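Everything below concerns the one structure shown next.
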Amino acid sequence: QVQLVESGGGLVQAGGSLRLSCAASGRSIRTYVMGWFRQAPGKEREFVATISPSYTTYYADSVKGRFTISRDNAKNTVSLQMNSLKAEDATVYYCAAGSFILGTSTLNPSYWGQGTQVAVSS
């Protein structure tokens, strides 16, 4: 079992930056694909970014060039640096751990965090 706890959410002005962190416990994340998803009220959860055990990264088109995912296996953490934030980025962000669906770069999460809220003011 892997427990994931997100932190770093909050209120930021449009154009500003936030750094989300996800601390894992229970097992090492070393062999897991780690990812960030977000979900707005009434909408489906959507992919934001993933990072493989070999540090290959994937991003949703909507965040490419603005967000950066990273991992620190020694500290058992994964982070999401979010720059140039927009109003449409405001929602709850979730950390996830799992594996890629075979033959794809799509993360199939086995574990989820509880989420952290990001708010963006104009």
Side-chain angles (χ1 to χ4, degrees):
Q1 288 281 359
V2 177
Q3 292 78 44
L4 303 172
V5 178
E6 301 95 335
S7 62
L11 174 64
V12 64
Q13 282 191 330
S17 299
L18 276 178
R19 186 177 181 86
L20 305 184
S21 294
C22 174
S25 60
R27 295 182 66 175
S28 170
I29 64 169
R30 191 176 305 275
T31 61
Y32 287 95
V33 179
M34 302 299 296
W36 290 92
F37 291 75
R38 62 189 183 187
Q39 186 171 22
K43 294 188 177 181
E44 290 192 0
R45 194 166 293 188
E46 66 172 355
F47 156 75
V48 175
T50 56
I51 184 166
S52 74
S54 60
Y55 298 88
T56 302
T57 57
Y58 301 93
Y59 297 94
D61 288 343
S62 59
V63 307
K64 204 171 293 183
R66 299 187 298 123
F67 291 11
T68 302
I69 188 171
S70 60
R71 64 191 297 158
D72 186 333
N73 291 336
K75 294 182 178 179
N76 231 28
T77 60
V78 62
S79 298
L80 185 69
Q81 177 67 42
M82 306 187 296
N83 299 328
S84 302
L85 282 161
K86 305 176 182 179
E88 52 263 42
D89 296 319
T91 186
V92 180
Y93 284 73
Y94 297 89
C95 177
S99 58
F100 286 129
I101 295 174
L102 189 62
T104 77
S105 59
T106 302
L107 170 59
N108 181 28
S110 299
Y111 306 102
W112 291 99
Q114 83 290 348
T116 186
Q117 179 77 51
V118 171
V120 181
S121 65
S122 57

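These values consider heavy atoms only, across backbone and side chains, with no hydrogens, waters or symmetry-generated copies. This structure is a prediction, so every number in the text was calculated from the model and none was measured.
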Rounded to the nearest 0.5 Å, how far apart are [atom1] of [X] and [atom2] of [Y]?
X: Arg71; Y: Thr57; atom1: CZ; atom2: OG1; result: 11.5 Å
X: Leu18; Y: Thr116; atom1: CG; atom2: OG1; result: 8.5 Å
X: Leu80; Y: Thr68; atom1: CG; atom2: OG1; result: 8.0 Å

For residues [X] and [Y], determine if any side-chain heavy atom of one lies less than 4.5 Å from a side-chain heavy atom of the other.
X: Asn73; Y: Tyr55; value: yes
X: Met82; Y: Arg66; value: no
X: Cys95; Y: Trp36; value: yes
X: Arg19; Y: Ser79; value: yes
X: Thr106; Y: Tyr58; value: no

Over all atoms of both residues, closest heavy-atom pair of [X] and [Y]:
X: Leu107; Y: Phe37; answer: CD2-CE1, 3.7 Å
X: Ser122; Y: Ala14; answer: CA-CB, 4.4 Å
X: Gly113; Y: Tyr94; answer: O-CD2, 3.6 Å
X: Ser17; Y: Ser84; answer: OG-N, 4.4 Å

Hey, can you pull the donor-acceptor pairs under 3.5 Å for the side chains in residues 38-48, sequence neighbours left out?
{"from": "Arg38", "atom 1": "NE", "to": "Glu46", "atom 2": "OE2", "distance (Å)": "2.6"}
{"from": "Arg38", "atom 1": "NH1", "to": "Asp89", "atom 2": "OD1", "distance (Å)": "3.0"}
{"from": "Arg38", "atom 1": "NH1", "to": "Tyr93", "atom 2": "OH", "distance (Å)": "2.9"}
{"from": "Arg38", "atom 1": "NH2", "to": "Glu46", "atom 2": "OE2", "distance (Å)": "3.4"}
{"from": "Arg38", "atom 1": "NH2", "to": "Ser62", "atom 2": "OG", "distance (Å)": "3.4"}
{"from": "Gln39", "atom 1": "OE1", "to": "Arg45", "atom 2": "NE", "distance (Å)": "3.2"}
{"from": "Gln39", "atom 1": "OE1", "to": "Arg45", "atom 2": "NH2", "distance (Å)": "3.3"}
{"from": "Gln39", "atom 1": "NE2", "to": "Lys43", "atom 2": "O", "distance (Å)": "3.0"}

Side-chain donor/acceptor of Gln13 to backbone N/O of Ser121, under 3.5 Å =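 Checking the backbone N and O of Ser121 against the side chain of Gln13, no donor-acceptor pair under 3.5 Å is found.
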Would you give me the side-chain donor-acceptor pairs under 3.5 Å for residues 20-34, sequence neighbours excluded?
{"from": "Arg27", "atom 1": "NH1", "to": "Tyr32", "atom 2": "OH", "distance (Å)": "3.3"}
{"from": "Ser28", "atom 1": "OG", "to": "Arg30", "atom 2": "N", "distance (Å)": "3.1"}

Where do Asn108 and Ser99 land on the side chain to side chain donor-acceptor pair (under 3.5 Å) test, with the steps shown first?
-> CA-CA 6 Å; Asn108 181 28; Ser99 58; 5.2 Å; no
State yes or no: do Val2 and Phe100 share one hydrophobic cluster built from I, L, V, M, F, W and Y residues joined by side-chain heavy-atom distances below 4.5 Å, directly or via other members?
->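 No.
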